[in-house]
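Both backbone and side-chain heavy atoms feed into the values below; hydrogens, waters and symmetry mates do not. In the text below, chain A, chain B and the rest are named by the order of the sequence lines, each starting its count at 1.
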Amino acid sequence: MEQYKRSATCGELGAHDDGRKVTLNGWVHRTRDHGGVHFFDLRDRYGIMQIVVDADAPGGLADQAASLKLEYCVAVIGTVRMRPEAMRNREMQTGEIELAAEQIVLLAKSDTLPFMIEDRSDAKDELRMKYRYLDLRSFSMQRKIALRHETSFRIREFLTRHGFLEIETPTMIRSTPEGARDFLIPSRLHRGKFYAMPQSPQLFKQILMVGGFDKYFQIAHCFRDEDARGDRQIEHTQIDIEMSFVSKEDVFETVEAMLAHVFSHALGVHLQTPFKRLTYEEAMNTYGSDKPELRVGLEITDFAAIARESSFQVFRAAIADGGAVKALVIPGGAEYSRKRITELEDVAKTYGAKGLAWMRVAPGESGAVLDGGVSKFFSDDTAAVVRAVGATPGDLIVMVADSWRIACTALGAVRLDVARREAMIARGTFEFAWVIDFPLFEWNDDEQKWDAAHHMFSMPQERFVENLESDPGAVKGDLYDLVCNGFELASGSIRIHDPELQRRVFSIIGFDEQEAHRRFGFLLEAFQYGPPPHGGIAPGLDRLVMIMAEETSIREVIAFPKNTQGVSLMDDSPAEVDPGQLAELGLKIIDWT
RNA sequence: GGGGGCGUGGUGGAGCUGGUUACCACGCCGGCCUGUCAAGCCGGAGGUCGCGGGUUCGAGCCCCGUCGCUCCCGCCA
C-alpha cells in the first residue's frame with residue numbers, strides 16, 4: 001500500500017491543481033466506457049473525481065479500466081488536467097478538472113451489489129440494514145453520520161468551555177425501579193444474580209452531585225427493553241447533564257446556549273433564544289400533545305361553554321361527566337369528502353375517542369351558516385359557535401367530547417394528520433419550546449394508586465409541598481421537557497435532595513421505606529451526607545441529530561441501528577449462545593410457549 | 001398485546017373486473033462506440049409473485065392462516 005497511498009482526496013482538487021501528479025484512493029462509483037476513451041468516477045468520503053483513461057494510454061491501461069466494476073476499491077495515479085472547455089460539469093465540485101490515469105491499482109474487488117449506492121430509488125430499510133456498510137458509503141449517510149459527529153463535538157466543546165466535566169458511569173449496574181423494563185446481564189461469579197444495563201445514568205449523576213462534581217455531562221448509552229418506534233430504539237444515546245446549586249432557569253439557559261452553539265456550527269442556523277415556554281396544560285389544550293408540533297398554526301379551542309348550552313346530548317353528557325369538549329377548525333375543510341372525514345374520525349378513534357363530530361361552515365346571507373354533521377344542534381347559535389372557534393366560511397369544525405385527556409389528544413392527532421396531508425409543515429425550520437409544570441403524580445386506574453409521572457426523584461413545586469398528601473393530583477413538579485418539531489427532545493427536573501420530602505413522595509406512590517432502601521438505598525444513604533440542591537436534563541442525541549438532518553427516523557442517524565423488533569440485521573443479534581456459556585451462568589432455557 | 005400498510009427476477013416499482021408467454025427502469029452478462037458525467041446503441045441471462053392452505057375451469061390478483069418489514073395505539077418516568 002505504501003507506494004499507492006493517496007496524496008489527495010477525491011473532493012479537494014480543483015482548477016488550481018492543474019498539472020499536479022496525484023494518487024487517489026477510493027471506490028469506483030460509476031463507469032462510462034466509450035470504447036476508445038474510458039471514464040470512471042472515483043468516490044471517497046470527500047467527493048467524486050472523474051478519472052479518464054485516454055485511448056492512447058500506455059500498456060493495457062484501457063483494458064484494465066474496462067474491467068473495473070462498481071465499488072471496486074482502487075488506487076489511481078495520474079495527472080490532474082483541465083477538462084476541455086465544453087466538457088466541464090458545473091454540477092460537480094471537481095467538475096472543471098479530471099485525472100488522466102497513468103496507473104490503476106486494484107486494491108479489492110467487489111461482488112455485484114445487493115443494491116445501488118446513490119440510486120434514485122432507495123433500497124428497502126431491511127436490505128440497507130443487512131448491508132449497512134454499503135449503505136454507509138452513500139453521501140447521504142456519510143453526511144448524517146458526520147453531522148452526528150459535529151453535533152457531539154460541539155456539545156463537548158460548549159459544555160467543556162462552561163466548566164462541565166465529562167464523567168463516565170458504569171454500563172453494568174443494579175436493576176433499579178425506573179420506568180422501563182431493564183436489560184439484564186447474568187453474573188458468572190455470582191450465579192443467580194444480575195447486573196442491569198442503565199436506562200439512563202440517573203442515579204449515578206445525582207451521586208456525582210453529592211460527590212461534588214457540580215457540573216457533569218456524559219454522552220451516554222441508555223438501554224430500555226420496550227417496543228421500538230421510528231424515534232425510539234432499545235439502545236439510544238443521551239446527552240446527560242446535571243448541575244448543582246441551580247434552578248430550572250439555569251438548566252434552560254445552559255441547554256438553550258448549547259443548542260444555539262450546535263446549530264450555529266453544525267447547520268449555520270441561528271436559533272432564537274430563549275425558547276418559548278408552554279405549560280403542560282397549555283400544550284395539551286392548544287395542541288393536543290405534550291410534545292407539540294409548533295410549525296403548524298392550527299390550534300384546538302375549548303367548546304365546553306357552547307356544548308353545555310346545546311341540545312346535543314352527547315356533548316352535554318360529556319360535560320356532565322366532568323369531561324371536556326374540544327374543537328378544531330380545519331381551514332378549507334368544508335370541501336372534505338365524507339370519506340376523508342371518516343379517515344379523520346379513525347385517527348381520533350385510535351386515541352380512544354368514541355367519534356368525531358363535525359360541521360361545515362358555509363357562507364350565508366347574513367354571515368356564516370352551519371351545515372351538515374351535527375350542525376342542526378347548533379344552528380340557533382351559529383354566530384356564537386363561529387366566534388368561539390374562530391371559523392370562517394369554507395372551514396370544517398371537528399369536535400371530540402370525552403375525558404379531557406382523550407378530547408385533547410384525539411384532536412391533536414387529527415391536527416397533525418391534517419397538517420401532514422395538507423403540507424402545512426414548513427421544512428428547514430426548528431420550533432423549540434419548553435413544556436413546564438407537568439403534574440408530579442398520575443393516577444393509576446388499574447392499581448388504584450398514584451404513580452410518579454416522571455420519576456420519583458423529581459421535586460414538587462414549592463407551593464404544593466404543604467398539601468402534597470391531601471391532593472396529589474394537583475401537585476405540579478419542577479419537571480420540564482424540551483420539544484422541537486413535534487418530538488420530545490429532552491426531559492429533566494430539579495431533584496429532591498431532602499430525605500424527608502423524598503420519604504413523603506415515596507409514601508404517596510406506595511413505596512415503603514424498606515423497599516426504597518432495598519432498591520436504591522445507596523442513593524438515599526448518599527443523601528444523608530449534605531447533598532447539594534441539584535437538577536438536570538437529558539437531551540436525546542439521536543433525536544436531536546434526526547431533527548437537524550430533517551429525518552423522521554433515528555435509524556437514519558445511527559451507524560448500526562436495530563429494527564423495530566430489536567434485531568440487528570447485519571450481525572443478526574440477538575442470537576442463541578453455546579450451551580456451555582449458559583451452563584457457566586447457571587442458566588437454562590425453558591420452553592415458555 | 002391490539003390495529004393499519006407493504007411483501008412480484010439482484011434492486012426499486014407496475015400488473016385493470018381472476019384469463020393465455022408476469023411488464024418497466026436500474027443493475028448483471030456479451031457486443032459496438034474517442035468526451036461522457038443517471039453516457040448511448042444492440043443483444044442476452046435472470047421469477048416456486050414471502051410461506052402454507054382454500055375458493056375457482058383458471059389465482060400475482062379473492063378468502064383463511066402464518067412469517068418478515070414498517071407505521072400507529074398500548075408500553076417507553
Spacing of the C1' atoms in B/A14 and B/G53 (rounded, Å): 28 Å

Distance below 4.0 Å between A/R543 side-chain N/O and B/C76 OP1 or OP2: no

Nearest-neighbour nucleotide for the A/E226 side chain, B/G35, B/C76, B/C37 considered: B/C76

If you measure from CD1 on A/I558 to CE on A/M141, what distance do you get to the nearest 0.5 Å? 9.5 Å

Taking donor-acceptor contacts at under 3.5 Å, does the side chain of A/R30 reach the base of B/C37? no

Look at the side chain of A/R128 against the base of B/G12 and say whether a donor-acceptor pair falls under 3.5 Å; ignore hydrogens and angles. no

Looking at the side chain of A/M92, which of B/C37, B/C72, B/G1 is the nearest nucleotide? B/C37

What is the ring orientation for A/W434 with A/F252, classed by angle as parallel under 30°, tilted 30 to 60°, or perpendicular over 60°? parallel

Starting at atom CG of A/L127, determine the distance to atom P of B/G10, rounded to an integer number of angstrom. 11 Å

Relative to the ring of A/F520, is the ring of A/F506 parallel (under 30°), tilted (30 to 60°) or perpendicular (over 60°)? tilted

Distance, C1' atom - from B/U21 to B/C62, rounded to whole angstrom: 24 Å

Counting only side-chain nitrogens and oxygens, does A/T112 get under 4.0 Å of the OP1 or OP2 atom of B/G10? no

If the cut-off is 4.0 Å, is A/R32 near the phosphate of B/U36, judged by side-chain N/O to OP1 or OP2? no

What integer distance in Å separates A/E96:CD from B/U36:P? 17 Å

If the P atom of B/C42 is compared with that of B/C33, how far apart are they to the nearest Å? 16 Å

Which sits closer to the 5' end of RNA chain B, A/E98 or A/R181, going by the nucleotide each is nearest to? A/E98

Assert yes or no for the condition that the ring centre distance of A/F438 to A/Y280 is strictly below 6.0 Å. yes

Kindly say if A/K69 contacts the phosphate of B/C29, meaning a side-chain N or O under 4.0 Å from OP1 or OP2. yes

Note, A/E226 side chain near A/R181 side chain (heavy atom, < 4.5 Å): yes

Donor + acceptor pair across side chains of A/D437, A/Y480 (<3.5 Å): no

Short heteroatom pairs, N/O only, protein and nucleotides 65-68 of chain B, under 3.5 Å:
| residue | atom | partner | partner atom | Å |
| --- | --- | --- | --- | --- |
| B/G68 | O2' | A/E126 | OE2 | 3.1 |

In whole Å, I'd like the distance from the CD atom of A/E488 to the P atom of B/C75. 14 Å

Nearest-nucleotide pick for A/T564, side chain only, options being B/U70, B/C73, B/U11: B/U70

For B/G5, does OP1 or OP2 lie under 4.0 Å from any side-chain N or O of A/K124? no

Looking at A/R137 and A/E71, is there a salt bridge between them, counting it only when a charged N and a carboxylate O are closer than 4.0 Å? yes

Report yes if a donor N or O on one partner sits less than 3.5 Å from an acceptor N or O on the other, where the partners are the side chain of A/D227 and the base of B/G74; otherwise report no. yes

For atom P, what is the distance between B/G35 and B/U17, given to the nearest Å? 49 Å

I need the CZ-C1' distance between A/R83 and B/A39, as an integer number of Å. 13 Å

Taking atom P in both B/G9 and B/C23, compute the distance separating them and give it to the nearest angstrom. 14 Å

Would you please confirm or rule out a distance under 4.0 Å between OP1 or OP2 of B/C73 and any side-chain N or O of A/R229? yes

Taking atom P in both B/A45 and B/C37, what distance in whole Å separates the two? 29 Å

Nearest-angstrom distance, C1' atom, B/C28 to B/G12: 16 Å

Is there ring stacking between A/H34 and B/A39, where the centres must be under 5.5 angstrom apart and the planes under 30 degrees? yes

Contact nearer the 5' end of RNA chain B, comparing A/R88 with A/D125: A/R88

Applying a 4.0 Å non-hydrogen cut-off, can you work out what A/R555 is touching in the nucleic acid: base, sugar-phosphate, or nothing? sugar-phosphate

For the residue pair A/D33 and A/T31, confirm or rule out a side-chain donor-acceptor distance under 3.5 Å. no

Stacking between A/F115 and B/U11, defined as ring centres under 5.5 angstrom apart with planes under 30°, is that present or not? no

Is there a donor and acceptor pair, one atom on the side chain of A/R90 and one on the base of B/C37, closer than 3.5 Å? no

Selection from B/C76, B/C73, B/G35 that lies nearest to any side-chain heavy atom of A/A180: B/C76

Is the distance between the ring centroids of A/H29 and A/F40 under 6.0 Å? no

In whole Å, measure the gap between the P atoms of B/U8 and B/G13 for me. 8 Å

